Amino acid sequence: MTHDPLSRPPVHALLSDGTTVCIRPARPGDHVQLQGLYEEMSGDNLRLRFFAASRRSATMASDRACAPPRPGYRALLAESKDHVIGLAEYEVGDGAKSAEISIAVADGLHHRGVGTLLVEHLVSAARADGITTFTADALSENHEVLQLFADLGLRTTRRFEGPEVRCTIELDEDDAYLSAVEARGRAADVASLEPLLRPDAIAVVGAGRRPGSVGRALLHHLHAGGFTRRLFAVNPRATSILGVPSYPSVSALPKVPDLAILAVPAAALPATAEECGKAGVGALVVVSAGLDSQQAEALMGACRTYGMRLVGPNCLGISNTDPALSLDATFAADHPRPGTAGVAVQSGGVGIALLDGLSRLGIGVSAFASLGDKYDVSGNDMLQWWESDDRTELALLHLESFGNPRAFSRTARRVTRRMPVLTVDAGRTVEGRRAAAAHTAAAATPTMTRQALFTQAGITATRSVGELLEAAALLHSQPLPAGTRVAIVTNAGGAGVLAADACAEAGLSLPPLTPSVAESLDAALPAIATMGNPVDVTSAVTEEQLGDCVDQLMRHPGVDAVLLALVPTAVAAATGDDLVRALTSGPAHRALPVAVVNLAQDLPVRLLPATEGGAIPSYAEPGAAARALAHGARRAAWLSRAVGTVPELEQIDTAQARAVAKTYLAAHPDGGWLDPRACAELLSCYGIPQLPWSWAETEDDAVVAAERLRGPDGRVVMKAHWPGQLHKSEQHAVHLDLDGEDQVRSAFGDFETRFAGLMTGVVVQPLAARGTELFAGVVQDEVFGPLVLFGLGGTATEVLADHAARLAPLTDLDVHDLITAPRCAPLLFGAGGSGPVDLESLEQLLLRLSRMAGDLPQLAEADFNPVLATPDAVSVLDARVRLLPRGAQHPYLRRLR
C-alpha cells in the first residue's frame with residue numbers, strides 16, 4: 001500500500017456549475033481553514049456529519065485530517081480561490097482492502113458537485129492503494145450524502161440499523177462508473193464553456209487605435225459582425241475605438257465581462273490575466289504568441305486560481321454564429337457563414353481554410369475555436385459543446401496533439417453516434433510511415449497509434465484539408481451508403497474509366513447490373529448507350545433520360561450509391577439540356593447517396609442546390625468523389641456495428657503479476673527487460689500459452705533439458721540470452737534443429753565462445769511444429785496508453801511490417817478487427833489450403849495481452865515473436881517484456897490539464 005498521501009499532486013477540476021476547484025491532499029498547514037469549514041457549518045449540518053452538533057467533533061476531525069501522513073489514511077481537500085470548501089477522507093479498517101469514508105462540504109455549496117468530485121478522486125487514490133471497498137455510516141435523514149453514494153455509478157448496498165444507514169461501495173471501475181463520471185464531466189465542461197461561447201459581455205484587451213493591430217482587427221470583427229451583447233475595448237489611451245467604448249483597465253469596466261480577449265505582448269499577459277481573474281472574468285481567449293515558460297506558468301496559474309477557461313495562446317480566436325449572439329472574435333478575413341459545422345483547429349491557417357471552405361459550400365459554421373497552443377480548452381471540450389448546443393450536425397477537427405486521448409476517444413465514440421466527426425490525420429512523417437522492425441515500440445509508429453484511435457472511435461480520418469471538405473460535403477448533404485457498391489453513370493467513356501479506377505482505389509466495388517435493370521435502362525437511354533458498370537449514356541443522352549436512368553439505379557437492390565461522371569458536350573448545349581439539372585430539379589435526398597463528378601468544374605467541391613431543398617455534392621475529379629463515398633460507407637459500417645464489450649477472462653492472477661513487476665523493479669530501479677524465467681512467470685499469470693522450455697546455465701544442464709524437451713522428431717532449439725538482448729536472429733544467438741547430445745554440447749560451446757562475458761544462460765525448447773508465424777505485442781504510450789499490435793511474425797515482420805494496431809482495452813470487436821486487418825489475414829482463415837488456424841485461441845491471446853497491459857502500467861512493451869498458430873493451438877515461441885518504474889494512470893479521472 002502507498003504510504004505517502006502528500007505525494008499526490010494537486011489537480012484542478014470542474015464542479016457541476018462549471019467553476020474550477022483544486023483537489024489536493026490535506027496538509028498540516030490546513031488546520032485553521034478546516035476548523036473554519038466546520039465552524040461555519042449550521043448545527044443541522046454538523047449533526048448530519050458527526051451524528052451530533054458537536055464542535056469538539058469538528059476539532060477532532062480537523063486534527064485527524066491535518067496530522068502527519070500515516071499508513072492507511074488519506075484526506076483530500078477541495079479548494080476554491082485558496083479557500084477550503086470540502087473534505088473527503090478514508091481510513092483503512094481491520095481489512096486492508098476496505099476503508100471507511102467521510103465527506104464534508106461547506107454550507108452554501110451543496111448541490112454543486114463538490115462532494116461527488118472529491119469522492120471520485122478518493123476512489124482513484126484508494127484503488128492505487130489496493131483498496132477495493134468503501135464503507136460509510138450516515139443518518140437515514142441525510143438524503144444528500146445517500147443520494148451522492150447512489151449516483152456515483154458504483155455498486156452500492158445499504159443496511160439500515162435504526163436511525164443509521166451502513167453503505168458499502170464496491171470500487172470496481174466498470175463501464176457504468178465510467179459512464180456516470182463521463183456524464184458528470186460533460187455537464188460540468190459545457191457549463192464552464194458558457195462564458196467563452198455564450199458571453200453576455202466581451203472586452204478586447206489590447207485593441208489599438210491605429211489600423212494593423214490584431215486587437216483592433218478582433219474588435220472590428222466583433223463590432224462589424226453584429227455581436228448582440230455588450231462590447232468593450234480596454235486601452236488606457238482611448239475612450240472609444242471603432243465606435244466601441246474604451247476603458248483604461250479591466251477593473252474600470254462598467255460591467256464585468258464574461259469573456260476577455262487578450263491581444264497584449266507576452267510579457268504583459270500574466271498581469272493582465274491576473275487582473276481579469278480578480279475582476280471576475282469567466283474565460284480568456286489569448287491570441288498573443290511567444291510566451292516563455294515562466295509567462296506560460298503564470299498565465300495558467302491565474303486561470304486556475306480564478307476559474308477562467310482559456311483558449312490559446314497563439315490562436316486565431318473563436319466564433320459562435322448563433323443569430324442570438326453573432327460572436328465573431330477572430331481575425332480571419334471574412335465572417336463565417338452561420339451553419340451546422342463545429343470546427344476546432346490548432347493551426348490558424350487551417351482554421352481560415354476551413355471557415356472559408358465551409359462558408360463557400362453553404363454548410364456554414366455553428367461554433368469555431370482556434371485552440372492554438374491548447375493550454376486548456378481542447379478538442380474534447382469542443383466535442384462536448386457541439387453535442388449539447390442543438391445546432392451542430394457535423395464536427396471537424398484538426399488536432400496536432402492529444403492531451404488525454406483515452407478520454408477523447410470515449411467522448412468521440414459517443415458523439416460520433418450522433419453526428420459525423422471528421423479530422424485531418426496531422427503530423428504524418430517519413431519516420432511514422434517507415435516500416436519499423438526492431439521491436440514492438442518501434443513498430444508502434446505515431447501514425448499507427450492515431451489511426452487506431454480514430455478507427456476505434458468512429459472518427460472519419462482524412463489526409464488533407466481538401467479531403468476533409470470533400471467528405472464533409474457528402475456527409476452533410478447525402479444519406480450514408482449502406483455498403484461499398486457503386487453504380488457509375490457517365491456521358492463520356494473516358495470519364496467513366498477514370499471514375500471506375502478511382503472507386504477501385506478507394507476500396508469501392510462496381511457490381512454488374514442485373515439483367516432486368518439493364519433491360520429497363522436500355523429501353524430508356526439512347527440506342528448507342530452501353531449497359532455495363534459504368535453505364536455509358538453517351539453524349540446523346542437528354543436531361544430527361546439521365547434523370548430516369550438515375551431514378552432506376554436508385555431502385556437497384558445491388559447498388560449502395562450512384563456516381564455520375566459528366567463532361568459538358570456540344571450536343572447538350574445545342575439541345576438546351578442541362579445534365580446537372582436532371583439531378584437538382586428533384587429532391588436532393590434520394591434513397592441512395594448521389595455524387596457528381598464534373599470534370600469542367602473550377603472548384604474542387606461544390607454543393608449544388610436542389611429545387612426541392614437540400615444539395616448534391618459535385619467534385620472536380622473522380623478521386624475526390626470516390627474517397628467521399630468510401631468515408632461515408634465506413635461511417636455507415638461503424639454505426640451498424642454493435643458496441644463492443646471487453647470480455648471477462650478466466651485464469652487471471654493480477655496480484656501475482658503485480659508482485660512480479662514489483663520484485664523486478666525493486667532489483668532494477670531503472671527498469672529493463674525481464675529474463676526468460678520472470679517473463680514466463682508473468683505470461684502464466686494471464687494464461688498466455690507458451691511453448692515448453694527450460695533454462696540452462698551449464699552445458700550439462702542444457703543436455704538434460706534437451707533430452708526432456710525433445711520434439712516429435714527428436715530435435716530442439718537453443719537460444720542464448722543476456723540482459724538487454726533484442727535481436728537473437730541478427731546476433732546469431734539461435735541454433736535450430738539440434739539432434740542429439742553432441743549437437744547440443746557443440747551449440748552451447750559455440751555460444752560460450754562467441755558471447756563470453758555476456759551470456760547468462762540459454763533457453764532450450766522443442767523444435768516447433770509447422771504453422772503460421774505471427775507477431776503480437778503491446779507498447780505503453782505515455783499519452784495514448786497501451787497499444788496492442790498484431791501481424792505477420794518471424795523474420796518477415798522486420799521486412800514487411802504487416803501490422804495492425806488497436807488501443808487497449810480491447811473489445812471483442814477490436815480483436816476481430818486486429819485479426820482481419822493485416823495483409824496476412826487470409827492465411828489465418830485457410831487460404832492456400834492449409835486450413836484455418838485456431839482463431840479462438842488467437843483471440844484469447846490478444847485479449848490476455850491487452851489485459852496484462854491494462855493491469856500493469858509498468859509494462860513498457862511486450863514482444864511475442866514468433867507466435868505459432870496452427871489449426872489446433874496458438875503458442876508463444878519467444879517473448880520479451882520490458883518494465884519501467886511507472887505509476888498507475890487514471891485517464892478518466894475528472895481533471896483539467
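Small disclaimer: the values here were computed from a predicted structure and weren't measured.
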Is there side-chain contact between [X] and [Y], with at least one heavy-atom pair below 4.5 Å?
{"X": "V365", "Y": "L355", "value": "yes"}
{"X": "L787", "Y": "R806", "value": "no"}
{"X": "V535", "Y": "I488", "value": "no"}
{"X": "D501", "Y": "P622", "value": "no"}
{"X": "V597", "Y": "E621", "value": "no"}
{"X": "P593", "Y": "L480", "value": "no"}
{"X": "V345", "Y": "F368", "value": "yes"}
{"X": "R418", "Y": "W386", "value": "no"}

* **Working for side-chain hydrogen bond (donor to acceptor under 3.5 Å, both in side chains), residues S409 and R414** => CA-CA 9 Å; S409 175; R414 184 185 70 248; over 6 Å; no
With a sphere of 6.0 Å drawn around [atom1] of [X], does it hold more than 12 non-hydrogen atoms of other residues, nucleotides or ligands?
{"X": "R406", "atom1": "CZ", "result": "yes"}
{"X": "D334", "atom1": "CG", "result": "no"}
{"X": "H335", "atom1": "NE2", "result": "yes"}

* To do: To the nearest 0.5 angstrom, please state how far the CG atom of L563 sits from the CG atom of L629.
  => 6.0 Å
* Let me see the working for D817 and R641 under salt bridge (charged side-chain N to carboxylate O under 4.0 Å, His left out), right down to the final yes or no. => CA-CA 12 Å; D817 290 345; R641 290 178 18 145; 3.1 Å; yes
Judged by atom type as modelled, is there a donor-acceptor pair below 3.5 Å linking the side chain of [X] to the main-chain atoms of [Y]?
{"X": "N533", "Y": "P512", "value": "no"}
{"X": "N320", "Y": "A367", "value": "no"}
{"X": "Q478", "Y": "V594", "value": "yes"}
{"X": "H398", "Y": "V350", "value": "no"}
{"X": "T330", "Y": "G317", "value": "no"}
{"X": "R337", "Y": "R360", "value": "no"}
{"X": "D356", "Y": "A353", "value": "no"}
{"X": "E467", "Y": "A461", "value": "no"}
{"X": "S319", "Y": "L327", "value": "yes"}
{"X": "N404", "Y": "P891", "value": "yes"}

* Asked: For P405, which of L453, T449, L807 qualifies under side chain to side chain contact (heavy atoms under 4.5 Å, CB included)?
  -> L453
* Carefully, step by step, assess T411 and N380 under the rule side-chain hydrogen bond (donor to acceptor under 3.5 Å, both in side chains). => CA-CA 7 Å; T411 299; N380 203 34; 2.9 Å; yes
* Asked: ring-ring contact (aromatic ring centres under 6.0 Å, His included) with Y619: which residues, sequence neighbours excluded?
  -> none
* Is it the case that R413 places NZ or CZ above or below the six-membered ring of W638, under 6.0 angstrom from the centre and within 45 degrees of the axis? -> no
* Verify whether one side chain among S618 and Q601 offers a donor that lies under 3.5 Å from an acceptor in the other. => yes
* Asked: Is the shortest side-chain N to carboxylate O distance from R450 to D781 below 4.0 Å?
  -> no
* **Audit row: V643, R417, side-chain contact (heavy atoms from CB on, under 4.5 Å) steps and yes/no** => CA-CA 11 Å; V643 177; R417 294 204 171 268; 3.8 Å; yes
* Going through the checks in order, is the side-chain hydrogen bond (donor to acceptor under 3.5 Å, both in side chains) test met by R635 and T460? -> CA-CA 7 Å; R635 171 163 172 76; T460 299; 5.9 Å; no
